[in-house]
Amino acid sequence: MRGAKSAKWVAGAIVIALAATACGSSDDNGGGSGSGSGKDGGTFRLGITEPVAIDPYNSQESEGTLVTDNLFTGLYDPTADGHVVPALATSKKVSSDGKTWTFTIKKGTKFTNGEPVDAQAFIRAWNRVAVKSAASDVAYHMAGIEGFADAQAGKAQTMSGLSAPDPYTLQVKLSAPDFEFYIKTSHTVFSPVPKVAGDAHNKAYNEAPIGNGPFKMQGKWEHNKSITLVRNDDYGLTKAHLAKVQIDILNSANGVTLETQGFESGQYDWARMPTPQLPAEKAKYEPQGEWIDQDTNGMNYLLPITDNGPMKNAKAREAISYAIDRDAIIKGVFQGMQTKSTTILPPVFKDVYQKDLCTSCIKQDPAKAKQLAAEGGLKPGTTIKLAYNTGAGHEEWIQAVKQQLESVLGLKVQTSGEPFAQLLGDQQKQGASGLFRFAWGADYPTPDNFLYPLLDTASINKDSSGKVQGDNRARYSNKTFDDLLAKARATSDDTARNAIYKQAEKVALDDMALIPLWNRTQLRLANTKKFANIKMDFHEDPNLPEISLK
Amino acid sequence: MGRYVVRRLGQLVVVVLGATMVLFACLFVIPGDPVGQIAGSDKARDPAVIAQLHKQYGLDKPLIVQYGTYVGKLVTGDLGTDYTQDRPVTEILGPKLENTAKLAVAAIVVDIVIGISVGVLAAMRRYSIWDVSATFVTTLAIGVPSIVLGMIMQRIFVVQLDWFPLIAGDSFKGIVLPAVTLAIIDAALVAQLARSTMLEVLRADYVKTAVAKGLSRRTVLIRHIMRNSVIPVITYLGISFGTLLGGAIITETIFNWNGIGLALIQAIQQNNNPIIVGVVTIGVAVFVLLNLIVDLLYAALDPRIRLA
């Protein structure tokens, strides 16, 4: 028995060592075949809710991305820890003005129908998304490419900025300098497609996309029922270990509960959990090593309307921040399973993370809150609106914030729970005021994807009626900040650029442009008894291509 | 009789039109842009995209025009186009209706088998321990909400015992828990109803006459007692088929049963109006049709009832 036990330990150690080296090697070349770690085969089972789309032209939320990312491989892949690694790109070159990018594409890889993945496959795919008729929600990620505006306006069917000097070279001309453009190509919308994809509204392709990724579709998307993926044995990069991925589509009303129950009954290998169940599940599964706890690229804020109403004054906003006892809420409402946020950029961006940059976020300070409120014209008795979306588990902590603001600052807080679409609409309305619950997740691992959409003046984008059309719902506008972001985009050196991002973040936090609350900490159950190397990827999904049988 | 059926079918048209009109008006006042809701992300959608989608689905037109278009299509059996999948509503709801029908039929079978047999047995052995416990259990079953019952059953039989699959799919095993959950309250009501009508019938003169004529116990029970006590039960089952749809919303949600109840819940969450209106239209039509069938059945069972 003793012998058997120690043999198991040795085997385990070897598996871990192999897994570690496999990861290391795929990081630097992204190529090669057969990493040699773990056993092939097995079916990985999990539940999601109905995706918006699994065709890259419109794939957007974590659910759809889970499928699309495994069906397609683009130029670069995002890593869970906030970087990108090359996938099909074997080299990249950017002109000194930051406007022309040249990518060489790995030769000899194919779509699962046998068509080659060449530069034309990328050009075809990107144009397919950008044209007006596609009505893609995610086309805006391509806005920097020359000719995008004409394609969106219906004036052109192709973007003038895309060309292929030779079959495996892709040249992209941008309308403004962007030294981080290659990072953006890690988004699923930049995936290549084969000729059979046709236009964006090709139903047959929308339901069963043919891709070039580590997995391929088995059958088509059974709406509200299931999606099945199988290993792509002809994959051009490191092949997946899993033979099959069975994805049940659960209803959103109680999908998370079903996922947890499915895991407990052994019918799922990966699950999210309802918040009230977290402590019990943690107590049960953490000791067994089946508990995943990870800070992701998302953040939770209070969004103050900075151009109107009681939150117009920066000191008033700071007073709000000082009045909130984040520690008490995390302990009382979240059972200690969230971490306090003291920055705008989440800790996953290691290179720019400046812990405790927001001094008012570190610890509740009623005295300081009162003093700043007085200086900022936020008198006791002032009525202030605090709006949130219902049905997503925000009720409890919103009530806690309300009580804290009322007891510390003597404000009258009117909480307003609204359906999500209405909340978004209210944020956009002309004359909006007060505070809104707000969260943001990055689409690609760059600080720009937080700072620019949320806080740049250009992202306010008011229409003629005064409605905010951009993502800068706080209507934050600061020229110093805008200039810093423009400078960052035009800076080719990563280290220098990151330093500028840090400065920009400090400017925004000194103005209290957003009021940070907690990091987006994601918790999952994972069947580590049966599978090796299960982790959470950049999109908070399991890293299917790397998982193997134990 | 033929005229009666035609008139009742005419009523069906009026009821369906009325229901869709009320629903249309309600959906129109619900805040939130159905198109804006589709994506459900934290990010603003491109206004150009939203405008294009509005145009595509005719949402840029006034309510009355939208309703007119809807009714115009409805007469040809077209329930419009879904917002999220961009497919015809009939194509989406067809298989779901089939699933809900399967569940409803299974539930009705459980209703009839459990309900009538428990009720009849209780009536025949009045005040026995069997009768008393049947009354107790059925009263309890009526009191427990199906959502509680469903979740408890799921916890015990799926999670702890692992006897049934979490997601039913198309397997027979999968239908057991949802059907039982859906049926249990109705079955209890049917049992109580069957018991009381049976007790009444047992005291009726024609039963006494039949017994006096020297008919066998078996003949009396089946030809005279059962036939007459089943009439109110059938009326009830006809009505309950309609309420099954309501119950199906809860049951289908708990067990992720891919029927129209679940489709309705999802559509409400997504402001997906074509599906909401479609489900209600189908539901109303099915309900009216079933009532018609029940009335016809009623006349067949009791010749004294005339249809005119």
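Order of the sequence lines fixes the chain letters, A, B, ..., with proteins taken first and strands second; residue numbering starts at 1 for each chain. Remember, predicted model here, so these are calculated numbers, not experimental data.
- Counting only distance, with no hydrogens or angles, the side chain of B:Asn256 and the backbone of A:Ile249 share a donor-acceptor pair below 3.5 Å.
- When only modelled atom types and interatomic distance are considered, B:Asn258 and A:Asn224 share no side-chain donor-acceptor pair under 3.5 Å.
- Contacts with chain B were tallied for A:Lys467, A:Glu50, A:Gln267, A:Glu264; A:Gln267 has the most, counting heavy-atom pairs under 4.5 Å.
- Residue B:Phe157: no heavy atom, backbone or side chain, is found under 4.5 Å from chain A.
- Between chain A and the options B:Leu161, B:Thr253, B:Val158, B:Asp162, heavy-atom pairs under 4.5 Å are most frequent for B:Thr253.
- Summarising the geometry, atom CD belonging to B:Gln266 is positioned 9.0 Å from atom OG1 belonging to A:Thr49; distances are rounded to the nearest 0.5 Å.
- Neither the backbone nor the side chain of A:Phe263 comes within contact range of chain B, judged by heavy atoms closer than 4.5 Å.
- With chain A as partner, the option from B:Glu252, B:Gln154, B:Gln160 having the largest number of non-hydrogen pairs under 4.5 angstrom is B:Gln154.
- For A:Lys244, the side chain to side chain contact (heavy atoms under 4.5 Å, CB included) partners at least two apart in sequence or on another chain are A:Thr43, A:Gln218, A:Thr228, A:Val230, A:Gln246.
- Ranking A:Asp248, A:Asn206, A:Val138, A:Leu258 against chain B, the residue ahead of the rest is A:Leu258, based on heavy-atom pairs under 4.5 Å.
- Here A:His223 contributes atom NE2 and B:Lys96 contributes atom NZ; the two are 9.5 Å apart, rounded to the nearest 0.5 Å.
- In plain terms, the two heavy atoms of B:Leu166 and A:Gly262 that are nearest each other are CD2-CA, 3.4 Å.
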